[in-house]
There are 4 protein chains.
Amino acid sequence: MARGRKVNSNGEKSKQLLREKAIELFSTNGYYQTKISDIVKAAQVTQPTFYLYFESKDSLFNDLHQQFQQDLFNILDEQFDQQDIQFLKVVENLLQYFIANPMLTKIGLYQSEESYLVKDKLVKKFEEILEGQARNYPNQQHNDIQVVSQSLLGSILRLTNAFLLTNQKSAKELAEDLFSIYFKKEPALVTS
Amino acid sequence: MARGRKVNSNGEKSKQLLREKAIELFSTNGYYQTKISDIVKAAQVTQPTFYLYFESKDSLFNDLHQQFQQDLFNILDEQFDQQDIQFLKVVENLLQYFIANPMLTKIGLYQSEESYLVKDKLVKKFEEILEGQARNYPNQQHNDIQVVSQSLLGSILRLTNAFLLTNQKSAKELAEDLFSIYFKKEPALVTS
Amino acid sequence: MARGRKVNSNGEKSKQLLREKAIELFSTNGYYQTKISDIVKAAQVTQPTFYLYFESKDSLFNDLHQQFQQDLFNILDEQFDQQDIQFLKVVENLLQYFIANPMLTKIGLYQSEESYLVKDKLVKKFEEILEGQARNYPNQQHNDIQVVSQSLLGSILRLTNAFLLTNQKSAKELAEDLFSIYFKKEPALVTS
Amino acid sequence: MARGRKVNSNGEKSKQLLREKAIELFSTNGYYQTKISDIVKAAQVTQPTFYLYFESKDSLFNDLHQQFQQDLFNILDEQFDQQDIQFLKVVENLLQYFIANPMLTKIGLYQSEESYLVKDKLVKKFEEILEGQARNYPNQQHNDIQVVSQSLLGSILRLTNAFLLTNQKSAKELAEDLFSIYFKKEPALVTS
DNA sequence: TATGAATGAGCGTTCATTCAT
DNA sequence: CATGAATGAACGCTCATTCAT
């Protein structure tokens with residue numbers, strides 16, 4: 001292929017394409033098994049072109065994680081009037097973001113080594129919600145809120161992977177399932 | 001330079017040492033960030049010695065995952081007389097294995113790309129248990145068993161990481177927490 | 001994106017600016033540590049613009065060296081009526097050129113791999129001068145003229161760097177210092 | 001070529017060979033035009049072998065400069081009983097080291113960007129010597145000692161390059177030439 | 001006259017693996 | 001049983017240069 005500018009070439013398009021391919025590959029193969037050569041091959045450009053738009057492999061990956069993190073923080077910082085609906089609303093919003101950005105979600109939630117930051121923040125938010133819930137029902141004998149929050153996070157992570165990102169359940173359905181698991185339980189099920 | 005067998009050297013010991021150091025490093029740094037050179041340095045042998053006992057980096061890592069998988073399968077295949085106590089027993093046994101083998105657990109549960117095999121099997125087991133539970137209480141209106149099973153797995157994975165492997169909670173405590181979360185809910189908590 | 005000729009742009013101005021910035025950068029950082037991207041950034045134009053005016057990085061650097069060489073040759077080829085004043089005159093003229101063109105001097109004298117051409121010519125000129133001097137004083141027992149010429153060149157190179165280009169001494173002062181070192185020695189200093 | 005150890009291979013020999021070839025290439029082509037690939041080709045090994053013995057291209061080059069610097073400092077720190085013979089002795093020792101280590105000298109004196117350290121030290125030493133000399137001949141009207149020292153350094157650098165490293169003059173001869181230039185001058189030569 | 005966009009060619013470095021001893 | 005010495009195969013990245021506009 002000749003050197004120089006391609007016919008009809010467009011920088012922003014190339015950058016976007018590279019970004020997309022990178023997201024795709026990072027999310028399916030992880031950081032270490034995604035080579036710059038893979039990314040540029042998928043985007044049908046050469047390696048130097050990658051460095052025209054991104055500082056380094058590391059910084060691109062980091063940017064992706066940062067974006068995911070920021071998006072998530074924005075969702076979590078939204079305020080709702082009624083405390084009662086918080087749980088359902090927050091979880092559904094989260095899941096809706098996940099299904100709208102499945103590959104970024106995989107990166108930010110499962111691949112990045114900084115994912116613990118996001119998870120910590122999620123747990124914090126859940127603790128808040130559960131505390132509010134608890135205040136509403138003061139005589140309730142409840143589990144350690146931290147434990148329930150972590151458990152809830154685990155459930156979300158797992159269900160997202162198993163049902164949401166595989167398109168077997170919608171965000172709304174899963175949010176309701178989670179609500180039901182964590183808040184609606186008939187006495188009959190109690191076995192001891 | 002001196003070469004050949006070290007005085008007091010012992011094949012089985014070297015192999016064991018290499019294995020241990022590998023588990024240590026893999027579990028804390030992951031597969032790609034653990035180099036053969038790191039492992040042999042930790043075990044105070046040279047690189048060729050590694051290949052005396054293991055076929056390759058990949059095969060060693062795989063062996064470790066296989067062992068974890070086998071151990072877990074054995075635990076899951078144990079039979080219990082009373083269906084009623086199954087949940088608590090199985091979960092506690094799992095957690096007890098995890099805390100007894102924390103580094104292998106990290107590898108087999110969080111680092112290995114084959115961890116989905118273990119997770120699938122766990123989910124299957126949980127489905128069985130929950131189905132048995134459901135037969136006992138036929139009129140119970142219950143969630144999709146698959147969803148609850150996956151959720152339960154998520155909870156276990158998360159709580160293991162957050163409280164068990166950090167020695168903040170015992171296997172027994174966490175098993176009871178999980179039981180409580182998934183099966184004991186006071187009507188008071190029901191919000192809708 | 002806007003492309004094409006800038007308003008108020010002017011080819012000769014761009015070329016001159018690029019040249020100046022190149023001189024600046026080459027002289028301070030050397031050939032290999034000066035990148036085209038540095039030069040055009042300093043001149044606030046884009047890389048293709050550089051190639052509008054110069055064939056290549058190498059050819060520009062060469063041009064700069066050629067100019068320095070030519071300037072120097074012109075100075076060296078000037079004729080003086082009185083042989084007696086040649087040394088002082090030639091050296092002072094050289095040093096005056098150096099201080100008037102410090103960056104080009106650094107390139108032509110210290111950075112260019114072709115600097116030996118200039119140096120050879122300088123040595124030749126010094127030999128001529130010294131020979132003339134010697135003819136005036138036939139009974140003088142003198143050193144090998146080639147050795148003294150090379151030594152003189154070395155002195156000039158060093159003093160230029162240390163005192164002239166750092167503005168600690170003027171061309172005139174240094175020329176006199178050199179004259180004094182090479183031609184005026186009191187018997188008292190003779191130690192053997 | 002097959003992988004693994006070569007027949008009759010010997011690490012210390014390989015390292016030495018690489019070092020020698022590196023010195024050779026660095027001294028003739030400079031830092032930037034000497035590629036690791038050149039060095040290993042000359043030593044008939046592959047690139048990873050280079051990194052078996054040296055940390056990086058940069059660190060090897062630096063080591064070479066450091067060694068030159070240290071050697072030189074040792075020479076300069078030697079003490080002599082009689083001040084009168086200092087000049088001749090020091091200069092001759094220097095030149096003797098240069099001719100014994102011509103390639104290292106080229107690196108340490110002309111190629112390294114840290115060569116100014118060595119040169120500064122040399123100038124300092126010369127200043128000391130010249131001051132001692134001056135004390136012996138108190139009524140002598142002398143030039144600025146700093147200027148003469150720098151000039152002397154320049155002369156040495158130049159003559160080393162032109163006559164010593166080309167094997168046209170011996171260390172002893174050049175030392176005497178320098179002594180003669182800087183300290184023995186007949187009144188007859190004085191022209192003004 | 002000038003730019004936006006792209007590439008060929010190469011460089012320094014790393015790492016799992018292997019041969020000869 | 002164990003080591004010293006070496007390499008194949010990549011990988012991330014840079015830089016001078018060039019084409020299309």
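Throughout, a chain's letter reflects where its sequence line sits, starting with A, and its residues are numbered from 1.
Of the residues in residues 52-65 of chain B, those with a non-hydrogen atom less than 4.0 angstrom from any atom of DNA chain F are B:L52, B:Y53. Taking every heavy atom of residues 22-30 of chain A and every atom of DNA chain F, no pair lies under 4.0 Å.
With sequence neighbours left out, D:N161 forms a side chain to side chain donor-acceptor pair (under 3.5 Å) with no residue at all. For the side chain to side chain contact (heavy atoms under 4.5 Å, CB included) test, residues two or more places apart in sequence or in another chain that qualify with B:Y32 are A:Y32, A:Q33, B:E113. Every residue meeting the side chain to side chain donor-acceptor pair (under 3.5 Å) condition with D:Y31, not counting sequence neighbours, appears here in chain and number order: D:D58. Not counting sequence neighbours, B:Q16 has no partner by the side chain to side chain donor-acceptor pair (under 3.5 Å) test. In terms of the side chain to side chain donor-acceptor pair (under 3.5 Å) criterion, residue partners of A:S112 (sequence neighbours excluded) are, by chain and number, A:H65. With sequence neighbours excluded, the residues that form a side chain to side chain contact (heavy atoms under 4.5 Å, CB included) with D:L117 are D:Q69, D:E114. C:K121 pairs by the salt bridge (charged side-chain N to carboxylate O under 4.0 Å, His left out) definition with C:D77, not counting sequence neighbours. Residues satisfying the side chain to side chain contact (heavy atoms under 4.5 Å, CB included) criterion with D:K119, sequence neighbours excluded, are C:R158, D:S115, D:L153, D:L157. In this structure C:A42 satisfies the side chain to side chain contact (heavy atoms under 4.5 Å, CB included) test together with C:K21, C:L25, sequence neighbours excluded.
Both C:F50 and B:F50 lie near DNA chain F, and the one whose nearest nucleotide falls closer to the 5' end is B:F50. When the nearest nucleotides of DNA chain F are assigned to D:E12 and B:E12 by heavy-atom distance, the more 5′-ward of the two goes with B:E12. A residue-by-residue look at C:K15 and B:Y32 shows that C:K15 has its nearest nucleotide of DNA chain E further toward the 5' end. For the pair A:N10 and D:S37, nearest-nucleotide mapping onto DNA chain E gives the more 5' position to A:N10.
Remark: P of F:dG8 and CZ of D:R5 are 17 Å apart, rounded to the nearest angstrom. Taking atom CG of residue A:N8 and atom C1' of nucleotide F:dC19, one finds them 13 Å apart after rounding to whole Å. The CG-C1' distance, from B:D38 to E:dA16, rounds to 12 Å in whole Å. Separating the CD atom of D:Q16 from the P atom of F:dA5 is a distance of 14 Å, rounded to the nearest angstrom. The CZ-P distance, from D:R3 to F:dA5, rounds to 19 Å in whole Å. At whole-Å resolution of the value, CD in D:Q33 and C1' in E:dG10 are 14 Å apart. Rounding to whole angstrom units, CG of residue A:L18 and P of E:dA6 are separated by 9 Å. Rounded to whole Å, the distance from CD1 on A:I36 to P on E:dG10 is 21 Å.
Note on A:S9: only backbone sugar-phosphate atoms sit closer than 4.0 angstrom, heavy atoms only; bases stay farther off.
Here the rule is ring-ring contact (aromatic ring centres under 6.0 Å, His included) with D:F61, and of D:F26, D:F68, D:F54 only D:F26 fits it.
Between the side chain of B:Q111 and the backbone N or O of B:S27, at least one donor-acceptor pair lies under 3.5 Å. A donor-acceptor pair is defined here as one N or O able to donate and one able to accept, closer than 3.5 Å; such a pair exists between the side chain of B:T105 and the backbone of B:N101.
Counting all heavy atoms, side chain and backbone alike, B:I23 lies closest to B:M103 at CG2-CB, 3.5 Å.
Of the side-chain N and O atoms in A:Y51, none sit less than 4.0 angstrom from OP1 or OP2 of F:dT14. The shortest distance between the side-chain N/O atoms of C:K35 and the OP1/OP2 oxygens of F:dC15 is below 4.0 Å. In terms of phosphate contacts, B:T46 brings no side-chain nitrogen or oxygen within less than 4.0 Å of OP1 or OP2 of F:dG4.
Taking the side chain of D:S14 as heavy atoms from C-beta on, and the options E:dG4, F:dA6, E:dT18, the nearest nucleotide is F:dA6. Residue D:K6 has its side chain nearest to F:dA6 when only F:dA6, E:dG4, F:dC11 are considered. Comparing E:dT14, E:dA16, E:dA5 against the side chain of C:P48 picks out E:dA5 as the nearest.
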> Starting at the 5' end of DNA chain E, what dot-bracket string do you get if Watson-Crick and G-U pairs under 3.5 Å are bracketed, crossing pairs use [ ], other-strand pairs use | and unpaired bases use dots?
Replying inline: .||||||||||||||||||||
